[in-house]
Amino acid sequence: MNKRIFLASPHMCGKEEEYVKEAFESNWVAPLGHNVNSFEKEICEYTKAKSACALVSGTSAIHLALKNLGVGQGDFVFASTLTFAATVNPIIYQGAIPVFIDSEYESWNMCPIALEKAFEDAKLNNQLPKAVIVVHLYGQSADMEKIKNICDRYNTPIIEDAAESLGTIYKGIQTGTIGEIGIYSFNGNKIITTSGGGMMVSNNTKYTEKALFWATQSRENEKYYEHKELGFNYRMSNIVAGIGRGQLTVLDERISKKKYIYETYKNSFQDIDDIEMMPICSYNEPNYWLSCMTIKENSNISAIDINICLEKENIESRPIWKPMHLQPFFEEYKFFTNKESGSVSEDLFKRGICLPSDTKMTNNDLKRIINTIKKIFK
Ligand SMILES: *Cc1c(COP(=O)(O)O)cnc(C)c1O
């Protein structure tokens, strides 16, 4: 059997261990220490965000972002429907009500027209949202100018779920730093990883300071343990932050390789009529986290067929995220689309597939994948 090719797996550079060793040697094996503070500082330097708070996961960062914007029991929150459940689960943690917004074909991200429709409906029903969570899917930025204009008109803050888009540049600005609050994830399959972890960033220091307070059990500044608010144990450990510091030094390298992978697929499949690569919008320079494609509607080969054929060759791939409005757990909530029938996200889910985008892949690995796919369409 050929060696397994992964969708996206951790890719260490070697520096990680030095930072972790430093933590051991200084005995800062705890959810605080030099690596945690430095990792936050270095993320700020990279993204140009004013402040950051390192947390245990991207999910916890979204949770504290919602809390920061005052989202509570019975409040409404708009969110991209085409995403991983981690984007929207924290809305439920806060007892709030999600409203799902469809994608557009141009970017696969939140459709500004569907967003506008949702706002108009909310206004009529006196259900205006406390926040909008915009996802930058697979490393491509959403159309932020259009989305922000709409949100500004309704005075609604944006949380950017940039879990998949660390390093993506939208019109000269890093994704995650455009909205009121942004979040990154360092889970095992993200563009850089700490094994598990997340970060909140903002240009408003009050949000990250409050997140730090909540993430460390809301301890008041007293000699004894005094609590006036509900707390959480969400702070990133100093060991994990050490891995992150090492990883951050090779983020640009990882982005170049991801871009190379995407372009290799694109060039290799240009003669196959049935295949369309995920479009890249000219307003952004993506981090190309995952290379994705769709199969044309009239093709007699389906995305699942490709998934099965690749698996037989020991190559990992996976379907596009199943939209949240189609998930049994979330089916009771409202959904807005600009499509006449069905939805863009459902169509992308049915016809789409994520191809291996592991930065450790060799040219031979890429050839193996491409040849397997080409054979299917012969
Ligand atoms: C990975 C991911 C998250 C969650 O991050 P964790 O660090 O795994 O909690 C949130 N949103 C999106 C879009 C993701 O891909």
Side-chain angles (χ1 to χ4, degrees), residues 6-10 31 39 43 52-67 77-94 98 100-101 103 107-110 131-142 144 147 158-168 175-176 178-179 181-201 211 215 232-237 240-241 243-244 247-248 254 258 278 286-292 318-325 327 330 345 348-349 352 354 357:
F6 292 101
L7 194 75
S9 69
F39 189 33
I43 283 280
C53 179
L55 299 163
V56 289
S57 62
T59 311
S60 59
I62 296 170
H63 187 186
L64 297 187
L66 289 167
K67 224 174 129 57
V77 176
F78 291 179
S80 310
T81 191
L82 189 60
T83 186
F84 181 39
T87 305
V88 293
N89 282 333
I91 301 172
I92 308 294
Y93 302 167
Q94 282 304 97
F100 298 115
I101 314 293
S103 297
S107 67
W108 293 18
N109 286 311
M110 186 181 277
V132 176
I133 308 178
V134 181
V135 181
H136 305 298
L137 214 61
Y138 301 127
Q140 166 146 270
S141 174
M144 288 309 287
I147 290 169
I158 294 172
I159 297 169
E160 283 181 87
D161 179 346
E164 301 179 1
S165 73
L166 177 63
T168 298
T175 56
I178 304 160
I181 302 175
I183 75 96
Y184 302 116
S185 165
F186 310 111
N187 207 323
N189 62 3
K190 298 290 162 35
I191 193 152
I192 61 167
T193 182
T194 60
S195 71
M199 187 87 74
M200 175 193 287
V201 292
F232 300 86
N233 184 3
Y234 276 176
R235 189 66 165 147
M236 180 182 276
S237 105
V240 156
I243 305 174
Q247 285 274 280
L248 197 53
R254 297 290 178 265
K258 294 272 192 192
M278 177 175 134
N287 73 0
Y288 297 89
W289 174 54
L290 289 187
S291 287
C292 304
R318 80 177 171 207
I320 298 299
W321 298 120
K322 182 177 176 181
M324 290 304 118
H325 73 279
Q327 301 288 354
F330 293 109
S345 52
L348 292 172
F349 164 60
C354 306
S357 309

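All ligand and atom numbering here is 1-based and tracks the order in the structure.
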Chemist: Judging by distance only, is a nitrogen or oxygen of E164 under 3.5 angstrom from one on ligand 1?
Modeler: yes
Chemist: Short list, please: which atoms of ligand 1 are under 4.0 Å from a heavy atom of A163?
Modeler: 2 (C), 3 (C), 10 (C), 11 (N), 12 (C), 14 (C)
Chemist: Pull out every atom of ligand 1 sitting under 4.0 Å from any heavy atom of G58, numbered as shown with elements.
Modeler: 5 (O), 6 (P), 7 (O), 9 (O)
Chemist: Please work out whether the ring planes of F84 and W321 are parallel, tilted or perpendicular, with thresholds of 30° and 60°.
Modeler: parallel
Chemist: Once you restrict to heavy atoms under 4.0 Å, what part of D161 touches ligand 1? Side chain, backbone, both or neither.
Modeler: side chain
Chemist: Would you mind listing which atoms of ligand 1 come within a distance below 4.0 Å of any non-hydrogen atom of G197?
Modeler: 7 (O)
Chemist: Please examine the side chains of L348 and L82, heavy atoms only from C-beta on, and report whether any two atoms are closer than 4.5 Å.
Modeler: yes
Chemist: Are V134 and D161 side-chain neighbours, meaning at least one heavy-atom pair lies under 4.5 Å?
Modeler: no
Chemist: Mind checking whether K190 has a heavy atom under 4.0 Å from ligand 1?
Modeler: yes
Chemist: Test of understanding: given a 4.0 Å heavy-atom threshold, classify the contact between S57 and ligand 1 as side chain, backbone, both, or neither.
Modeler: both
Chemist: Could you tell me which atoms of ligand 1, counted from 1 in the order shown, lie closer than 4.0 angstrom to a heavy atom of S185?
Modeler: 1 (C), 5 (O), 6 (P), 7 (O), 8 (O)
Chemist: Would you check if the side chain of N287 reaches a backbone N or O of L166 as a donor-acceptor pair within less than 3.5 Å?
Modeler: yes
Chemist: Below the 3.5 angstrom mark, is there an N/O of W321, backbone or side chain, next to an N/O of ligand 1?
Modeler: no
Chemist: Distance under 4.0 Å to a non-hydrogen atom of T83: what atoms of ligand 1 satisfy this?
Modeler: 13 (C)
Chemist: Assess A61 for proximity to ligand 1: is some non-hydrogen atom of it under 4.0 Å away?
Modeler: no
Chemist: Y138 pairs by side-chain contact (heavy atoms from CB on, under 4.5 Å) with which of C354, S357, P286?
Modeler: C354
Chemist: Verify, without hydrogens or angle tests, whether E164 (side chain) and L137 (backbone) share a donor-acceptor contact under 3.5 angstrom.
Modeler: no
Chemist: Under 6.0 Å between ring centres: does that hold for F186 and F39?
Modeler: yes
Chemist: So, applying side-chain contact (heavy atoms from CB on, under 4.5 Å) with V77, which one of L66, V132, I92 is it?
Modeler: L66
Chemist: Quick one: which ligand 1 atoms are inside 4.0 Å of a heavy atom on A86?
Modeler: 3 (C), 4 (C), 10 (C)
Chemist: Donor-acceptor pair, distance only, cut-off 3.5 Å: does the side chain of Q247 make one with the backbone of T194?
Modeler: no
Chemist: Among all protein heavy atoms, pick out the one at the shortest distance from atom 8 (O) of ligand 1; state its residue, atom name and that distance to 0.1 Å.
Modeler: N187 ND2, 2.7 Å
Chemist: Please could you name the atoms of ligand 1 that T59 approaches to less than 4.0 Å, counting only its heavy atoms?
Modeler: 4 (C), 5 (O), 6 (P), 9 (O)
